[in-house]
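Take a look at the structure set out below.
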Protein chains: 4
Amino acid sequence: MKKYSEKETRILDTAAEMFANQAFHKVLLSDVAHAARVGKGTLYLYFKNKDDLYFAVLFRGFSILVENLKKFTENQDLSPTEKIQCIIREMAGFMFMRATNAHLLSRVMHFPEDGEWQDKRTELWSLIQEVIEEGVATGEFKDSCPRYTAQYIPSFIRSISIFPPEGLDHEHFCAHACKFVLKALTPE
Amino acid sequence: MKKYSEKETRILDTAAEMFANQAFHKVLLSDVAHAARVGKGTLYLYFKNKDDLYFAVLFRGFSILVENLKKFTENQDLSPTEKIQCIIREMAGFMFMRATNAHLLSRVMHFPEDGEWQDKRTELWSLIQEVIEEGVATGEFKDSCPRYTAQYIPSFIRSISIFPPEGLDHEHFCAHACKFVLKALTPE
Amino acid sequence: MKKYSEKETRILDTAAEMFANQAFHKVLLSDVAHAARVGKGTLYLYFKNKDDLYFAVLFRGFSILVENLKKFTENQDLSPTEKIQCIIREMAGFMFMRATNAHLLSRVMHFPEDGEWQDKRTELWSLIQEVIEEGVATGEFKDSCPRYTAQYIPSFIRSISIFPPEGLDHEHFCAHACKFVLKALTPE
Amino acid sequence: MKKYSEKETRILDTAAEMFANQAFHKVLLSDVAHAARVGKGTLYLYFKNKDDLYFAVLFRGFSILVENLKKFTENQDLSPTEKIQCIIREMAGFMFMRATNAHLLSRVMHFPEDGEWQDKRTELWSLIQEVIEEGVATGEFKDSCPRYTAQYIPSFIRSISIFPPEGLDHEHFCAHACKFVLKALTPE
DNA sequence: AATGAATGAGTGTTCATTCAT
DNA sequence: AATGAATGAACACTCATTCAT
């Protein structure tokens with residue numbers, strides 16, 4: 001995980017907030033600078049240009065999520081079923097905690113297919129895929145193609161967190177999502 | 001369904017292609033006009049401004065999909081299970097047919113929460129939701145919250161069509177997605 | 001000679017005036033546009049960027065001078081001595097007519113050694129060189145290296161026109177310059 | 001002659017090099033500081049601002065030349081003819097020694113007409129003018145306006161040193177320039 | 001209806017200058 | 001004295017939009 005200075009962090013936090021709430025071209029660097037309480041020129045000390053800042057914002061957000069998920073997937077004490085539950089709850093928590101997170105994660109998905117992003121996205125999916133494959137190996141799950149399933153899970157959490165249905169309850173949603181996925185993965 | 005003139009259609013097709021492949025602010029109206037073989041001023045005869053054109057592009061794409069899906073959901077001869085299968089196959093077909101479709105649909109999802117879009121999105125979800133509720137009513141399905149599930153389904157397909165895993169096979173994916181959803185909806 | 005549209009000419013004239021009177025970085029494109037009574041964007045319809053406009057201004061000025069000189073050098077009725085006199089008078093006239101001309105011509109001389117400028121400068125010098133060589137051939141002149149002399153002539157006219165000595169009289173200067181050069185070229 | 005500290009000299013040398021090779025606005029103070037191996041802030045300990053540094057660079061170069069020329073013009077043992085020869089050789093040597101010198105001298109000539117530069121330029125021309133007048137007084141030279149001639153001479157040398165003709169030979173050029181000028185100054 | 005030359009508000013980016021250390 | 005991170009005024013350039021033809 002890349003380390004950011006205090007000022008860099010402040011800029012990234014501010015920019016994340018703004019990019020999450022408005023389209024790229026509506027976010028003015030002068031506003032970002034102002035909101036982050038730094039000079040406009042200072043942005044350019046830390047980021048090559050607007051695109052680069054945008055990239056850094058998304059990348060950091062995504063990296064934090066992946067890092068958090070690893071805590072569960074690498075935990076030897078959890079069964080695959082428990083891991084799936086933890087992953088869904090963690091992702092949902094991450095996205096609901098700050099609207100910013102969900103929106104930004106969503107943006108990651110739009111990024112041009114350059115290698116770095118492809119790798120980053122794949123990192124998330126692989127994490128989930130491995131858990132499913134572990135479950136298949138132990139006989140807890142059945143899935144003819146875990147790779148697809150690994151991609152399904154983030155997609156619907158994202159969808160629900162961006163477009164929360166009328167009267168959405170966080171716990172209720174997590175429970176439904178877990179049940180839905182685990183049911184689909186049940187053997188026999 | 002709104003009717004478009006030949007020239008209007010050409011503009012929308014061209015713009016759809018371009019908006020699908022680049023971010024909003026990277027798409028220049030002069031490029032759109034050139035690619036659509038019309039004058040720049042002509043765009044303004046048909047669309048109020050750039051936002052309006054963007055809106056029209058997404059709206060048309062989305063409407064086509066919804067219209068296509070209605071053919072299945074309103075078909076009295078299909079069981080809920082069959083309808084779900086048809087919906088998944090139709091959506092997947094729509095998105096895989098032209099990359100443009102998947103990308104644009106994806107954009108729809110990011111649109112600011114103005115009422116018109118909320119309604120449009122809800123139209124798609126409701127279509128699916130009703131099929132699930134129909135299945136629940138007949139006892140074919142069990143789902144504690146069909147509204148969530150209705151939102152999950154398009155999100156899967158979108159994710160896979162935008163980020164096709166290595167060696168993706170269309171038919172293979174449709175089969176997997178159908179099985180996954182139907183398994184999750186199986187009663188007991 | 002390149003042909004310029006009415007508006008292009010207006011821009012070039014305005015810009016010439018401004019570039020002649022201020023350093024490159026002090027000339028603001030917004031001022032140029034305003035002074036030329038066109039929109040800022042219009043400048044970019046005719047010139048790729050600020051450098052390109054600057055280049056065009058200098059190039060046009062230089063081309064006009066060269067063109068004017070050709071009228072004399074190609075005139076079969078003039079003797080080499082007369083041609084030298086005409087050249088000196090024409091160049092001096094050109095530069096004194098508008099301070100702009102002298103200053104711009106001066107700038108030409110600072111231009112990086114890219115091929116196009118090298119050619120353009122050489123065109124001027126060659127014109128003069130040929131006249132001297134013609135005189136050497138007829139025995140009117142003696143010069144061990146006309147190429148050097150050809151370069152001397154524009155240089156001192158430029159110097160005097162940019163830094164006119166106290167109480168400079170145009171006619172007086174032309175007479176002095178002609179006498180000076182012709183004396184130096186006298187055989188024996 | 002102003003005395004410069006070791007660090008000041010390093011800055012001036014570096015800046016001279018850079019100003020000689022690029023336009024004023026293309027020379028960045030950060031580059032100058034870096035190349036001179038001092039902090040950017042340090043420049044401001046020695047020079048009020050960028051203009052001041054530029055000024056100092058030109059001024060120093062010019063002063064050195066004038067100083068060198070004085071050694072000849074004030075030498076009582078040289079005849080006016082010899083002095084002219086020495087002046088031409090010295091100036092040519094100065095400019096050919098380092099391209100920097102010629103280019104900077106050239107810049108001096110473009111400086112806005114503020115008094116200090118006018119004086120400095122006049123100092124050079126006056127030096128030469130006095131030599132010519134001395135020659136006229138002794139009958140060695142004939143010149144209806146030595147002031148003009150004094151201005152011609154540096155302009156020749158500058159032109160040739162900045163735009164050296166194909167296959168230029170230093171000694172050959174000096175000889176030609178001396179002969180040219182002396183011939184033009186020959187009485188009768 | 002159709003055009004594209006003209007526009008200028010708006011914005012990203014640069015870079016001379018400052019000042020806390 | 002020396003530094004270089006921080007600044008923001010200043011500016012080049014873009015591009016959606018208009019309008020005369």
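We name chains A, B, ... by the order of the sequence lines, and we start the count at 1 in each one.
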For the side chain of B:Lys40 and the base of F:dT17, is some donor closer than 3.5 Å to an acceptor across the two? yes
Contacts of B:Asp52 that satisfy salt bridge (Lys or Arg N to Asp or Glu O under 4.0 Å) - sequence neighbours left out: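 Expected list: none.
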Once side-chain hydrogen bond (donor to acceptor under 3.5 Å, both in side chains) is applied, what residue pairs with a partner in residues 4-13 of chain A remain, sequence neighbours excluded? A:Glu6-A:Arg10, A:Asp13-A:Arg60
Result of checking D:Leu29, D:Val27, D:Val57 against D:Met18 for side-chain contact (heavy atoms from CB on, under 4.5 Å): D:Val27
Does atom NE2 of A:His34 have more than 12 heavy-atom neighbours from other groups under 6.0 Å away?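 Open: at most 12 neighbouring heavy atoms sit under 6.0 Å from NE2 of A:His34.
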Would you name the heavy atoms of [X] and [Y] that are closest together and state the gap between them?
{"X": "C:Arg158", "Y": "C:Met95", "value": "CA-SD, 3.9 Å"}
{"X": "A:Gln118", "Y": "A:Arg121", "value": "OE1-NH2, 3.1 Å"}
{"X": "A:His103", "Y": "A:Ile162", "value": "CE1-CG2, 4.1 Å"}
{"X": "A:Leu43", "Y": "A:Val38", "value": "CD2-CG2, 4.1 Å"}

Please write out the pairs of protein N or O atoms and N or O atoms of nucleotides 19-21 of chain E separated by less than 3.5 Å, giving the distance to one decimal.
none

[X] has an atom [atom1]; how far is it from atom [atom2] of [N], in whole Å?
{"X": "A:Asp51", "N": "E:dT13", "atom1": "CG", "atom2": "C1'", "result": "13 Å"}
{"X": "B:Glu6", "N": "E:dA2", "atom1": "CD", "atom2": "P", "result": "10 Å"}
{"X": "B:Leu43", "N": "E:dT3", "atom1": "CG", "atom2": "P", "result": "9 Å"}
{"X": "C:Glu8", "N": "E:dA5", "atom1": "CD", "atom2": "P", "result": "13 Å"}
{"X": "A:Leu45", "N": "F:dG4", "atom1": "CG", "atom2": "C1'", "result": "10 Å"}

Close residues, residues 11-37 of chain B, relative to DNA chain F [heavy-atom separation under 4.0 Å]: B:Val27, B:Leu28, B:Leu29
Taking only Watson-Crick and G-U wobble pairs with both distances under 3.5 Å, what dot-bracket line describes DNA chain F, where [ ] shows pairs that cross earlier ones and | shows pairs with another strand? .||||||||||||||||||||
Could you pull out all residues at least two apart from D:Phe59 that satisfy side-chain contact (heavy atoms from CB on, under 4.5 Å)?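 D:Phe55, D:Ser63, D:Glu116, D:Trp117, D:Lys120.
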Closest to the 5' end of DNA chain E, once C:Lys7 and A:Lys48 are matched to their nearest nucleotides, is C:Lys7
Strictly under 6.0 Å, is that where the ring centroids of B:Phe24 and B:Tyr54 end up?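 So the answer is yes for these two rings.
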Map C:Lys50 and A:Tyr46 onto DNA chain F by nearest heavy atom, then report which one ends up closer to the 5' terminus.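 With C:Lys50 and A:Tyr46 compared, the 5'-side residue is A:Tyr46.
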D:Asn21 side chain to D:Glu17 main-chain N or O, any donor-acceptor pair under 3.5 Å? yes
